[in-house]
Amino acid sequence: MNTNNNSILKTGDWVKGISMGGELVIGYVESFKIHDEIVTVNVITSDNKTTVGKTIHMLNKNVMKMPDSKVTNKEQIRFLIDVALSTGDEVWFNELSSQLNSMRELVNSVK
């Protein structure tokens, strides 16, 4: 675990912040070095389109953990499934697929 000025970061946490090059970055934590105060982030979106899909190093003090999302509908789950597929996160994909299937079963049981 790594403590920044907002919360404790863990591998897999979604974060946003300013890269060392000054771009706004949103992605998830791949790793961190406590002694160097460096966070390695897989970039999902950024002001600098050339960094999207790459892994970059960011200063811990420039990174903020994003709040956990509260998924409320099928479209949100489908979008997150696409993100899980693009990032290769099989565990997350399986969790989201299970949520989507549960929603389908609930709707079918009401019909």
I44/W14 under side-chain contact (heavy atoms from CB on, under 4.5 Å): CA gap, chis, key distance, verdict: CA-CA 10 Å; I44 301 302; W14 284 89; 3.5 Å; yes
Residue pair M20, H57: steps toward the side-chain contact (heavy atoms from CB on, under 4.5 Å) verdict: CA-CA 8 Å; M20 292 184 198; H57 298 290; 4.2 Å; yes
Going from [atom1] on [X] to [atom2] on [Y], what distance comes out if it is rounded to the nearest 0.5 angstrom?
| X | Y | atom1 | atom2 | answer |
| --- | --- | --- | --- | --- |
| I18 | K61 | CD1 | NZ | 12.5 Å |
| K54 | N48 | NZ | CG | 8.0 Å |
| N42 | E30 | CG | CD | 4.5 Å |
| E75 | L80 | CD | CG | 11.5 Å |
| M64 | I26 | CE | CD1 | 9.5 Å |
| K49 | E23 | NZ | CD | 11.5 Å |

Which atom of [X] lies closest to which atom of [Y], heavy atoms considered:
| X | Y | answer |
| --- | --- | --- |
| V52 | S46 | CG2-N, 3.8 Å |
| L9 | K65 | CD2-CB, 3.8 Å |
| K10 | V29 | O-CB, 3.6 Å |

Counting distance only, does the side-chain N/O of [X] pair as donor-acceptor with the main-chain N or O of [Y] below 3.5 Å?
| X | Y | value |
| --- | --- | --- |
| N62 | L59 | no |
| E105 | S102 | no |
| D47 | L24 | yes |

Derivation of the side-chain contact (heavy atoms from CB on, under 4.5 Å) call for T11 and F32: CA-CA 8 Å; T11 301; F32 43 84; 4.0 Å; yes
Side-chain touch V15/V39, heavy atoms, less than 4.5 angstrom: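 Result no, sub-4.5 Å side-chain heavy-atom pair not found.
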Check against side-chain contact (heavy atoms from CB on, under 4.5 Å), I81 and F93: CA-CA 6 Å; I81 286 173; F93 169 81; 3.5 Å; yes
